[in-house]
Amino acid sequence: MSCLTLQARWVLPVDQEPLEGGRVAIRDGRIVSVGPPLGRTASANLDAVHDLGDVILLPGLVNTHTHLEFSHLKETLGQPGLPLPDWIRLVLRDRKRSLRDPAQAILAGLEESLRGGVTTLGEIATSPAATYRQVSPLPLLTLFDEVIGFSQARVDSVLEATRARWTTNLEDHPLTSSPMECSLGLSPHAPYTVHPCLLQKLIDMAIAQQLPVAMHLAESAEELQLLAQGNGPFQQLLDERSMWDVRAISRNTEPNDYLQQLARAPRCLVVHGNYLKPQEFEFIAQRRDRMTVIYCPRTHDYFGHPSYPLAEMLAAGVQIALGTDSLASNPDLSLLSEMREVMRKHQSISTEQIVHLGTLAGAQALGLEKCAGSISPGKWANLTAIPCDRSCRDPHAEVVEGRAVPVATWLRGEKVFSR
């Protein structure tokens, strides 16, 4: 049995008030207690007490939306403001590069995430689950298998291939059924790449296997044009790739039509949602226990979309969490930087709420709130530490408004990164 107690200038549990000089007791990788400073006598009776000094100890950050296969990129693809269909052409070109090594990119992305204090990720996966096991210890992962198939003719073959990948992942990687390390999900990629009949069958599969679902939706004005009119830049892109099916999408379709299907899933992440309407906010809010909108602030800014309706969504009761997307549209994988971008762009949102978006809200989105997202007894000791001034009186503000980067990260009580 391994025992450890960490003491810090501030402990920020997220699900309760901050504790000045607080301590976190850990046994066998799990948090057993969270409390105020221990006296000298009490401290002497513990197996090990580590005073971390002037840091804020908070739960490991939760990045609910990543594409780690692009973590090899040294700079973003294209230029800021590039229309999404044109950017996708660059993504497709990058995937064809002969020297491209997705496995190495994934490992680099996981390591960067740990350095940034991220201990839980929702990953859109195009590689087998076994690829991710090369990092040890492994962050908590939900691997959403990316599924693409726009034409009616391919629905059954794509569904069969998806089932085969899911079965192989379970056989080769039995821990994928355990929340200790890795779980599986499905990602019908987007309305412009997934036929509505395929989406329906994937949701049926998710229900049968109790899998979470993540789908890019209401991401761009070009997507809305395709749904409403069946033409525009996305239709042209699909036609270029011999994927266009004129019968796939009925005219005057809206994101709400996809939300109706996604709402059947046991759990759903609506990724981006940049162009959702107030009536769609209400629909999602009514299902906040299992539907979450994923906001990727710096990617949103990269594409030059109109101001994100974050305050309006929160006011409507929508559950929202944060993601970084990929290095194809973001300079790094720092979830902390996304939180600080929220502070810059949405100053009406409190610093306490922003910390919640980057931690517990993300864990709830992934269905991992029983083991991640807050410093609470019974949860895994997945933690990160951010330096603070000795005079710090508001740790929420220090995290969100400051510039300090994480100096240490723990997974299941084991320090996996230290500056």
Side-chain angles (χ1 to χ4, degrees), residues 1-8 11-15 23-34 47-48 50 52 55-64 66 68 71 106-123 125 129-143 173-184 322-324 333-336 355 358-360 362-386 399 405-419:
M1 179 182 295
S2 60
C3 298
L4 172 68
T5 295
L6 299 177
Q7 189 159 320
V11 171
L12 198 55
V14 175
D15 61 352
R23 48 85 188 164
V24 179
I26 301 165
R27 182 178 299 119
D28 292 337
R30 291 189 182 272
I31 299 164
V32 294
S33 66
V34 184
D47 290 342
H50 291 272
L52 301 174
V55 302
I56 300 167
L57 187 66
L58 65 158
L61 305 179
V62 182
N63 186 350
T64 55
T66 60
L68 296 180
S71 300
I106 287 167
L107 301 184
L110 288 172
E111 291 169 359
E112 179 181 343
S113 297
L114 290 174
R115 292 195 302 271
V118 170
T119 59
T120 304
L121 298 97
E123 159 77 338
T131 302
Y132 297 80
R133 288 283 293 165
Q134 297 178 53
V135 170
S136 181
L138 190 66
L140 283 171
L141 289 175
T142 301
L143 301 180
H173 185 52
L175 282 177
T176 51
S177 61
S178 167
M180 177 175 175
E181 287 188 337
C182 189
S183 56
L184 297 177
L322 302 178
T324 62
L333 298 175
S334 170
L335 203 281
L336 183 58
V355 170
T359 54
L360 188 54
Q364 291 167 340
L366 296 170
L368 296 173
E369 67 272 18
K370 292 184 179 179
C371 57
S374 66
I375 303 179
S376 309
K379 294 191 178 185
W380 292 114
N382 293 347
L383 310 165
T384 191
I386 298 174
V399 169
V405 296
V407 293
T409 303
W410 292 261
L411 284 178
R412 296 179 282 285
E414 177 184 346
K415 186 182 286 187
V416 295
F417 166 72
S418 180
R419 290 190 193 277

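Without hydrogens or angle criteria, Glu123 side chain to Leu68 main chain gives a donor-acceptor distance under 3.5 Å. Remark: side-chain polar atoms of Arg30 are paired, donor with acceptor, to backbone N or O of Gly378 under 3.5 angstrom. With hydrogens and angles disregarded, no donor-acceptor distance shorter than 3.5 Å links the side chain of Thr359 to the backbone of Ser374. Between the side chain of Lys415 and the backbone N or O of Trp410, no donor-acceptor pair lies under 3.5 Å. Formation of a donor-acceptor pair under 3.5 Å by the Arg412 side chain with backbone atoms of Asp28 is not found in this model. With hydrogens and angles ignored, the 3.5 Å screen pairs a side-chain donor or acceptor of Thr66 with a backbone N or O of Gly122.
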Verdict with supporting geometry, Val62 and Leu366, side chain to side chain contact (heavy atoms under 4.5 Å, CB included): CA-CA 9 Å; Val62 182; Leu366 296 170; 4.1 Å; yes
Given the rule in the side chain to side chain contact (heavy atoms under 4.5 Å, CB included) test, do Leu411 and Leu114 qualify, once you have shown the distances and angles that lead to the verdict? CA-CA 9 Å; Leu411 284 178; Leu114 290 174; 3.8 Å; yes
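Between the CG atom in Leu6 and the NE2 atom in His50 there is a gap of 7.0 Å [rounded to 0.5 Å]. Note: Thr131 OG1 to Arg133 CZ = 12.0 Å, rounded to the nearest 0.5 Å.
Here the closest heavy-atom approach between residue Thr119 and residue Gly60 is recorded as OG1-CA, 3.2 Å. Heavy-atom minimum distance, Pro139 versus Leu110: CG-CD2, 4.4 Å. Closest heavy-atom contact between Leu143 and Cys182: CD1-SG, 3.5 Å. Closest approach of Thr384 and Gly117 over heavy atoms only: OG1-CA, 3.4 Å.
Residue pairs meeting the side chain to side chain donor-acceptor pair (under 3.5 Å) criterion with at least one member in residues 362-372, sequence neighbours excluded, are Gln319-Gln364.
Within the 4.5 Å cutoff, the side chain of Leu121 has heavy atoms near those of the Ser113 side chain. Counting heavy atoms from C-beta on, the side chains of Leu335 and Leu322 come closer than 4.5 Å. Considering only heavy atoms from C-beta on, Leu336 comes within 4.5 Å of Pro406 through its side chain.
Counted by atom type alone, Ser334 and Arg115 present zero donor-acceptor pairs between their side chains at under 3.5 Å.
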